[in-house]
Amino acid sequence: MKKQKRFLLQENELPMQWYNIQADMKNKPLPPLNPATKEPLSAEDLAHIFSMECAKQELDSEHAWIDIPEEVQDKYKYYRSTPLVRAYALEQALNTPAHIYFKNESINPLGSHKINSALPQCYYCKQEGTTNVTTETGAGQWGAALSYAASVFGLSAAVYQVKISIQQKPYRSLIMRTFGAEVTGSPSMSTRAGKDIITRDPMHPGSLGTAISEAVELATTTPNCKYTLGSVLNHVALHQTVIGLEAEKQMEMAGEYPDMVIGCFGGGSNFGGLAFPFMRHNISGAKSTAFIAAEPASCPKLTRGVFQYDFGDEAGYTPLLPMYTLGHDFKPSNIHAGGLRYHGAGMIISQLIKDGLMYGVDIPQIETFEAGVLFARTEGIIPAPESSHAIAEVIREAKKCKEEGRKQVILFSLSGHGLLDMTAYDQYLNGDLRNYAISDEDIEKSLKDVPHIL
Ligand SMILES: *Cc1c(COP(=O)(O)O)cnc(C)c1O
């Protein structure tokens, strides 16, 4: 039989609903809390900053299937389905009996999976009469996706980008501006939060935490303006399940079912998006797939964080979220996988880890670039440094398969390409990259300011 390399769905086979794993979880995620009263938040509370529909989806633990609005389905068709690819050349280079598949989310106008949630978030804002959207962005993938989606639905977008990242990665701010967004380096003098941060530390390089504080403040002080978020929250992972729902059909076309599903982990959206549709079969008892989230060794919230209520941002503006966290003022080392430098994990993921349905592994930076370069030289795609964390874990597992002589079917998410991350590859190829170790004392220190609620 001829070996098939790529598996694609036709437009009429694309998912028409997202999968909401909350409905099937035996232990539901704990509710987000109002930091002042410590009372659970309602959808109305959340709708002060998010669109009403996203606020409802965030707390929905009832409906397992949520309709994808037709207008969003139409926009998904610009780039979906994404290919499921069998990585024959990578398998061969590793001389492994494992079958390795990846879902290629790098093939779309912006180059990462983030667009899958940017489109519905902007659509709902538009539907509800919002004219302006705001957000933060670190490495710039989310800001770029949001800017694109805002232009698709005719909204004005204001993006706070981590100051140091604008300097290091000017191309992503140019993409945002090309799509019509206004880009501000954070911390900035344009918000109360930014001014406070700059007053305390004039040389502050900015972080996701500072940028979130500024964007949330703008959303709450500007009429008709909503905040959007590219990861961490439940509704974002919900939108990303188009990845796993497509992959489920495509694996069927390939005549296989994954023994392992692997994704890199920042806040959990690309991982959850691929994993949750498969995980529902573990929850029902029909399958026993292993679900593995690959995080940077320098930002190890899944493996070394604590499960606690914590703020989503540095200034403490957001609701308290139940999550595995390193502390909201944890300052991760300046690794190149900017999208993975976040102190906490999503609420669903945190509960799933607690319940033993999935687990995390830590990968040092240099190993991720070794993996990324091997992937580029075998499969011809230069992966985002974030995605290379998943690839590194895949390689570890494929090597184990070889040692143990076991054929496992491994599926992973290629969350984005690395074509705008070439200075990182430059450093790696020159031998200038380093690993960052983090001590237990450092983690303990940043956990000091976590409110002790649980
Ligand atoms: C943002 C990003 C991530 C991390 O975010 P998750 O929500 O954990 O998926 C991973 N890969 C790429 C390419 C990204 O842009």
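When a ligand or atom number is given, it counts from 1 through the structure's own listing order.
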shortest atom 8 (O) of ligand 1-to-protein heavy-atom contact is with G266 N, 2.6 Å

To atom 13 (C) of ligand 1, the nearest of G111, G272, S117, S415 on a heavy-atom basis is S415

Here the atoms of ligand 1 under 4.0 Å from any heavy atom belonging to S231 are 6 (P), 7 (O)

Side chains of H239 and S117, donor plus acceptor under 3.5 Å = yes

Notebook entry, point to check: Does H417 come within less than 4.0 angstrom of ligand 1, counting non-hydrogen atoms of the residue?
Noted result: no

Check whether E128 reaches the backbone of M52 with its side chain - one donor and one acceptor, N or O, closer than 3.5 Å.
yes

Ligand 1 atoms nearer than 4.0 angstrom to some heavy atom of L340 are 4 (C)

Subject >> Ring centers of F330, H343 separated by less than 6.0 Å >> reply: no

C264 heavy atoms within 4.0 Å reach ligand 1 at atoms 10 (C), 11 (N)

query = Between F7 and Y101, how do the two ring planes meet: parallel, tilted or perpendicular, split at 30° and 60°?
reply = tilted

Just by distance, do the side chain of K103 and the backbone of V85 share a donor-acceptor pair under 3.5 Å?
no

Open item on the list: Taking the ring centre of each residue, are F311 and Y317 less than 6.0 Å apart?
Closed with: no

In this structure, atom 4 (C) of ligand 1 is nearest to the protein heavy atom G339 O, 3.4 Å

Test salt bridge (Lys or Arg N to Asp or Glu O under 4.0 Å), reference E379, set R6, R86, K5, output is K5

Judged by heavy atoms only, the candidate from Q141, R341, K114 nearest atom 3 (C) of ligand 1 is K114

Near E386 (heavy-atom distance under 4.0 Å), the atoms of ligand 1 are 10 (C), 11 (N), 12 (C)

Counting only N and O atoms by type, is there a donor-acceptor contact under 3.5 Å from the side chain of S413 to the main-chain atoms of G263? no

- Message: Both conditions, 6.0 Å and 45 degrees, for the charged tip of K75 above the ring of Y123: are they met here?
- Response: no

Under 4.0 Å between heavy atoms, the region of Q240 that gets near ligand 1 turns out to be neither

**Check: E246 side chain, T82 main-chain N or O, donor-acceptor pair, under 3.5 Å** = yes

> Judging by distance only, is a nitrogen or oxygen of S269 under 3.5 angstrom from one on ligand 1?
Replying inline: yes

A student checking ligand 1 against G416 at a 4.0 Å heavy-atom cut-off should list atoms 13 (C)

Polar atom proximity, G268 to ligand 1 (N or O, under 3.5 Å)
yes

Within the 4.0 Å heavy-atom cut-off, what W142 brings close to ligand 1 is neither

Going by the 4.0 angstrom heavy-atom rule, the piece of V232 near ligand 1 is neither

